Amino acid sequence: MKFVELFTPANVLIGEKLTSKAKVMERLVEALRASGTIADSDIFHAAVLKRESVHPASVGNGVAIPHARSPAVLQAGIAAMVLGEPQNFDSSDGKPIDLLFLIASPDDPELHLSLVSRLMTLLLERGFADKLRHAQSPKEFLGIVDGAENYLFGGEPLHCRDVGLWASRRAAQKATAEAPEETGAAPRDARARASDPVGPTAPRAPRTPLLLAVAASPMGVAHAFLAAQAMTKASREMEISLRVETHGSGGVRDDLTAAEIKLADAIIVTADQKIEMARFDGKKVIFAPIADGIHKPHELVRKALEGDIPVFRVSRAAPFRKSRPSGPIHRNLALGVNHALPLIMGGGIFIGLSFLLDDRSLAPGTLGRDSPLAAFFHQLGSAALAFSLPLLAALVAFGVAGWPALAVGLVGGSLALRGDFGVGAGGAGALSGGFLAALLAGFVAGYLTRLSRKLARALPLSLHGLNRSLFFSLVGLFLMGLFALALNPLVGLVSSASARLLAWSMEGTSKIVLGALLGGMTAADLGGPVNKAAYAFGLASLAGGNSEAMAAVMVGAMTPPLSIAAMATFFPQKLVSAGRKGAFANYFLGLLGVAEGAIPYAAAAPLRVLPSLASGAAVAGALAMASGGALSAPYGGILLFPAAKNGLACLVAVAVGALVSVSLMALCQKTRKES
């Protein structure tokens with residue numbers, strides 16, 4: 001199908017005199033409804049206005065392209081309007097709008113992107129928009145569109161996905177076909193023979209410079225394609241080979257391959273959002289905002305040809321692979337961990353500061369909360385940590401199912417942290433599931449949202465606009481509540497089993513076994529039910545006059561963050577997290593006994609990291625109990641060791657335990673080359 005076939009004469013409105021933007025939109029939507037393009041004008045109109053509120057339709061030079069995908073669209077179609085009196089559309093360049101195209105497409109991202117990109121290409125043709133403004137009738141208007149489409153695309157059907165690459169290839173073929181036979185130039189067939197490497201003496205024609213570009217904009221579809229088509233057109237006029245990769249709300253299109261990047265003379269990056277840059281390591285790269293790609297394409301191409309461009313370098317950049325470097329579970333974990341990291345590290349540091357700034361002579365059992373300044377930092381750090389696990393679950397859910405899953409994951413992570421699933425805050429059975437429960441809640445929230453999306457397909461067409469705001473939330477949150485009710489008994493069983501294990505260990509006479517159990521359980525889930533059981537046992541022992549158990553618990557809490565910090569120091573390429581620089585803060589957190597600092601690194605690969613951390617903590621707990629170490633307060637780490645019994649032996653136990661954990665992690669983890 002050709003682009004011009006999406007119009008009908010009734011959908012082309014010439015010389016309309018409307019007094020507001022709202023009336024213009026209503027008139028265009030009504031034209032599409034009358035032509036049978038849309039089934040419900042109210043639903044489609046709402047979709048257009050919703051998108052307009054997020055991404056303005058103006059593309060500059062008096063042109064606006066409102067567009068929307070909606071289930072209310074029966075078949076793709078376009079309505080065009082030439083205004084007799086230009087109207088203010090909040091244009092980016094401040095100019096009033098007098099030429100509009102309203103694109104309606106079904107809920108098909110590929111088709112929608114093809115429509116927008118084809119229109120962008122036509123509008124970049126010199127004089128095209130002005131000719132449309134002076135059209136005297138719909139027939140003349142459609143004739144101008146048809147002529148421009150035939151000139152630029154030569155009958156290529158609309159379903160061609162790689163519009164930018166196809167246009168560049170066609171331009172190159174046209175330039176070759178129309179090249180004049182200059183004096184002294186070899187005939188065309190001779191040039192073809194010369195380019196064929198039939199022998200070592202075959203002459204070689206000079207290679208045409210190859211440029212690549214990336215156009216990325218968070219502002220939706222139009223801006224990235226507008227920049228891409230502007231740079232493509234500029235390269236055609238300058239007889240340069242250029243290919244553009246676009247990033248928009250519909251994802252990445254026309255991906256640049258590793259072979260193309262290797263051969264490229266220079267790369268132009270016009271982006272207002274973060275993109276993958278490691279693949280361009282060692283290449284000459286120009287950086288510019290997306291606006292320069294739209295309005296200054298010739299200048300960017302000219303600058304790329306001059307060659308005086310700095311070489312882009314990424315420390316230890318890995319070769320770019322178009323295939324996925326890891327599975328979806330790993331990517332979703334990384335998404336949650338990397339964004340929860342500032343809350344976990346910042347909260348842990350503030351809690352550590354509260355220990356340092358408190359008056360240790362007041363009440364050792366409540367260290368960090370006695371003096372006003374210490375209480376301020378303790379409350380600040382606790383608030384940050386309280387948000388970290390819900391955010392972790394929310395972002396894992398987002399990675400699985402997109403934005404609709406964010407709210408469901410946030411609630412799931414909060415329920416996993418609180419543990420009061422249907423029993424009330426502080427009620428019987430209320431026990432935090434820790435970060436492992438939060439990770440599980442995140443994945444469950446994502447897949448529950450996918451299930452909700454499938455169920456939503458059975459809704460009437462008139463209710464499809466409520467999917468994200470109402471249906472996904474109601475169904476997803478309800479199912480997450482049911483999951484939370486099922487999870488809480490499991491957490492309780494784990495806690496009860498841990499308590500029984502500790503009670504059994506007290507029946508024996510070996511303190512070493514008890515110390516190993518307490519230390520290993522403290523690091524087993526870093527705040528989950530197993531950790532809580534060990535900590536509760538230590539508190540109960542303190543109340544009963546036995547302070548040795550608390551020493552094993554404290555060294556078990558100190559060992560994991562110190563092990564992570566040591567990994568960042570001695571084996572940085574084996575540390576499982578993007579936040580390796582932040583890992584050094586774990587020296588501070590570990591000395592103060594804030595085990596939460598290890599959570600982001602354990603969450604990134606729990607099956608390999610947690611056993612290593614628990615093993616080292618078990619060794620530390622066993623050594624602390626074997627040496628007769630005793631600690632009379634549940635907080636403070638190294639700050640309380642001077643007053644502890646055999647405090648120096650406890651420090652040695654921590655060091656040996658960290659050495660064991662680091663050795664195990666170094667053996668289990670693969671070397672990671674990405675920066």
Side-chain angles (χ1 to χ4, degrees), residues 348-349 351-361 364-365 367-368 510-524 526 531 534-535 537-539 541-542 546-571 583-598 601-602 612-666:
I349 289 173
I351 289 178
L353 284 175
S354 72
F355 295 157
L356 284 175
L357 297 173
D358 207 358
D359 187 347
R360 279 169 278 173
S361 66
L367 182 67
S510 175
K511 294 192 297 184
I512 296 178
V513 174
L514 178 60
L517 280 173
L518 288 171
M521 290 171 65
T522 303
L526 300 175
N531 171 280
Y535 186 69
F537 182 87
L539 288 177
S541 298
L542 275 181
N546 183 351
S547 57
E548 292 183 346
M550 184 52 70
V553 172
M554 183 56 65
V555 298
M558 295 172 66
T559 301
L562 289 174
S563 302
I564 295 297
M567 282 292 293
T569 302
F570 301 107
F571 302 99
F584 293 110
N586 276 287
Y587 280 121
F588 175 76
L589 300 178
L591 290 175
L592 295 176
V594 183
E596 285 83 356
Y601 308 91
S612 301
L613 295 180
S615 299
V619 171
L623 291 176
M625 292 284 279
S627 63
L631 194 62
S632 59
Y635 300 108
I638 197 173
L639 296 179
L640 298 180
F641 277 20
K645 180 182 178 181
N646 292 335
L648 181 60
C650 290
L651 284 178
V652 173
V654 171
V656 174
L659 179 62
V660 171
S661 292
V662 169
S663 301
L664 291 175
M665 283 189 286

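Keep in mind the model is a prediction, meaning the values are calculated, not measured.
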(request) Kindly give the heavy-atom pair with the smallest separation between F584 and A568, and that separation in Å. (result) CZ-O, 3.6 Å

Ignoring hydrogens and angles, write down the donor-acceptor pairs under 3.5 Å from the side chains of residues 554-565, residues two or more places apart or on other chains.
residue	atom	partner	partner atom	Å
T559	OG1	V555	O	2.7
S563	OG	T559	O	2.7

(message) Within the structure provided, determine whether N586 and Y601 are in side-chain contact (heavy-atom separation under 4.5 Å).
(response) yes

(request) For the residue pair T522 and Y535, establish whether any side-chain heavy-atom pair is separated by less than 4.5 Å. (result) no

(request) List the atom of G538, the atom of V553, and the distance in Å for their closest heavy-atom pair. (result) CA-CG2, 4.5 Å

(message) Could you measure the distance from the OG atom of S627 to the CD1 atom of I512? Nearest 0.5 Å is fine.
(response) 10.0 Å

(request) Please list, chain by chain and in numerical order, all residues satisfying side chain to side chain contact (heavy atoms under 4.5 Å, CB included) with A516, sequence neighbours excluded. (result) A618, A622

(message) Within the structure provided, determine whether Y587 and L591 are in side-chain contact (heavy-atom separation under 4.5 Å).
(response) no

For residues 648-665, please give each side-chain donor-acceptor pair under 3.5 Å, one per line with the distance, not counting sequence neighbours.
residue	atom	partner	partner atom	Å
S661	OG	S612	O	2.9
S661	OG	G616	N	3.4
S661	OG	G657	O	3.4
S663	OG	L659	O	2.8

(request) Give the minimum heavy-atom separation between L514 and M625, together with the two atoms involved. (result) CD2-CE, 3.7 Å

(request) Check A595 against L526 and note the closest heavy-atom contact, atom names and distance. (result) O-CD2, 4.1 Å

(request) Quick one: closest heavy-atom pair of A534 and M521, and the distance? (result) CB-CB, 3.9 Å

(message) So which atom in L613 and which in A598 form the shortest heavy-atom distance, rounded to 0.1 Å?
(response) CD1-CB, 4.3 Å

(request) Mind jotting down which residue pairs meet the salt bridge (charged side-chain N to carboxylate O under 4.0 Å, His left out) criterion with at least one end in residues 546-569? Sequence neighbours excluded, please. (result) K511-E548

